[in-house]
Amino acid sequence: MIDVHQHLWPDSLREVLNKRAAPPRIRRDGVLLLDGELPAPVDPADHDPVRRARLDGAERILVALSHPLGLEALPADEAHEALAAWHDGAFALGDPFGVWGTVALTDAAPADVDAILDRGAVGLSLPAGALAGPEGYDRLGPVLERLAAREAPLFVHPGAAAVPPGPRPAWWSALTDYVAQMQVAWFAFLEWGRPAHPALRVVFAMCAGGAPLQLERLAARGGPAAAAHDTGIFYDTSSYGVRTLDALIRVVGVDQLVYGSDRPVAEPPPTGMLGPAAHHVISTTNVLRLLQATPAEAGIR
């Protein structure tokens, strides 16, 4: 079993967040401050790699930067410091952890992709907002071209939330801004991303916010509905249960789903909720195809 979507903040990253004077930052009392979110406590135990490795029985756990922090979009010097801390800590975790690398959006270049993959990253993660339209694909085109040339996948994840007006509950951004970001990024990939990068494999976090369930409406409005059946597009199952996953399977097929838990942000539903055969396909077979890896190369038996 391979979990393609977890977040683990190594000490090096938390140190950077602790010393920042403005969001994203962790206050002295351990509370995380983000511009688009309510203050939230950070429990170091949630980011203990030994404890994390014991959960769920995953043989391989792929960790990604928490893009809602917005670190990749900071001014270049701040972004590079934070991302260096993230990469240094993540690559030092060792087995059973694998790493999704990332790049600073201010000056991302193909050489950054080479450096990250050469360190052992399985692929590149980017915030959904960076790929929300043709401008994003123009700006990041050389990076994505290099990623495809290296036959490594792209992981699209929600980025920093917009600051909403007035009071709102703690779950608000996760159910509004994040979902909208993922849907926009999925539609943008069908329209601009796939034509520009025909060989790129991509996995969307949280089932792309359920965007494929809009396929009939997309077809009715003259959109690129046929592109939704692209076998190079994958969807991680994080945050969703059997009813949504069953509906998604009816649209894109079970072969395009991969298991993602989103720990420690959310407690995942039971891994066998779709049955043992489907679980094996989603948590192992499909992930190996996403990564283009053998079981041994992926670190599983």
Side-chain angles (χ1 to χ4, degrees), residues 1-8 52-64 95-100 122-123 125 151-157 179 182-183 186 189-190 194 199-216 218 225-301:
M1 170 178 165
I2 306 170
D3 187 339
V4 305
H5 179 184
Q6 289 197 21
H7 304 290
L8 196 152
R52 182 75 64 81
R54 294 172 179 162
L55 298 174
D56 303 328
E59 295 172 88
R60 191 70 169 164
I61 298 168
L62 307 185
V63 294
D95 290 337
F97 298 98
V99 178
W100 291 101
V122 300
S125 72
E151 299 184 345
L154 170 69
F155 180 34
V156 181
H157 188 282
V179 172
M182 294 307 299
Q183 291 199 2
W186 186 77
F189 184 78
L190 297 190
R194 177 52 85 212
L200 181 65
R201 300 186 311 286
V202 58
V203 54
F204 288 88
M206 46 181 281
C207 296
L213 302 183
Q214 305 296 326
L215 188 59
E216 293 164 319
L218 179 64
H229 302 294
D230 187 329
T231 58
I233 302 176
F234 297 82
Y235 306 88
D236 98 39
T237 60
S238 60
S239 305
Y240 289 100
V242 65
R243 286 175 290 184
T244 300
L245 297 181
D246 182 69
L248 193 65
I249 288 170
R250 293 172 186 270
V251 176
V252 301
V254 70
D255 291 339
Q256 302 315 116
L257 270 60
V258 293
Y259 177 71
S261 69
D262 200 16
R263 285 191 181 277
V265 178
E267 185 72 21
T271 55
M273 59 186 168
L274 294 173
H279 174 62
H280 178 74
V281 168
I282 291 169
S283 67
T284 303
T285 306
N286 295 348
V287 182
L288 294 177
R289 188 160 55 88
L290 167 68
L291 301 177
Q292 288 194 349
T294 65
E297 290 168 340
I300 65 173
R301 295 185 296 276

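One is the number of the first residue; the rest follow in order along the sequence.
Met182 approaches His157 most closely through the heavy-atom pair SD-C, 3.8 Å. When all heavy atoms of Gln6 and Ser261 are compared, the pair lying nearest together is CG-OG, 3.4 Å. Closest approach of Ala225 and Leu218 over heavy atoms only: CA-CD2, 3.8 Å. Pairing each heavy atom of Val254 with each of Ile249, the nearest pair is N-CG2, 3.7 Å. Residue Val63 comes nearest to Leu8 through the heavy atom pair CG1-CB, 4.1 Å, listed as atom of the first residue, atom of the second, then distance. The two residues Phe234 and Asn286 come nearest to each other via the heavy atoms CE2-O, 3.8 Å.
In this structure, Trp186 and Ile233 have side chains that are in contact, with non-hydrogen atoms separated by less than 4.5 Å. A heavy-atom distance below 4.5 Å is found between the side chains of Ile2 and Leu288. Side-chain contact check for Pro264 versus Arg52: some heavy-atom pair is nearer than 4.5 Å. For the pair Ser239 and Asp262, the minimum side-chain heavy-atom distance is below 4.5 Å. Between Met206 and Thr244, every side-chain heavy-atom pair lies at or beyond the 4.5 Å cut-off.
Identified under the salt bridge (charged side-chain N to carboxylate O under 4.0 Å, His left out) test for residues 227-237, with sequence neighbours left out: Arg194-Asp230.
Side-chain atoms of Gln256 come within 3.5 Å of backbone atoms of Thr231 as a donor-acceptor pair (strictly under, hydrogens ignored). Panel note: side chain Arg263, backbone Leu55; no donor-acceptor pair is recorded below 3.5 Å.
Between the NE2 atom in His279 and the OG1 atom in Thr285 there is a gap of 10.5 Å [rounded to 0.5 Å]. From Ser125, atom OG reaches atom NE2 of His7 across 8.5 Å, with rounding to the nearest 0.5 Å. The distance from the CZ atom of Arg60 to the CG atom of Asp3 is 12.0 Å, given to the nearest 0.5 Å. For the atom pair OG1 (Thr237) and CD1 (Ile282), the distance works out to 6.5 Å, reported to the nearest 0.5 Å. From Ile61, atom CD1 reaches atom CE of Met1 across 8.5 Å, with rounding to the nearest 0.5 Å.
For Leu248, the side chain to side chain contact (heavy atoms under 4.5 Å, CB included) partners at least two apart in sequence or on another chain are Cys207, Pro212, Leu213, Tyr235, Val252, Leu257.
Looking at Trp100, Phe155, Tyr259 one by one, the single match for ring-ring contact (aromatic ring centres under 6.0 Å, His included) with His5 turns out to be Phe155.
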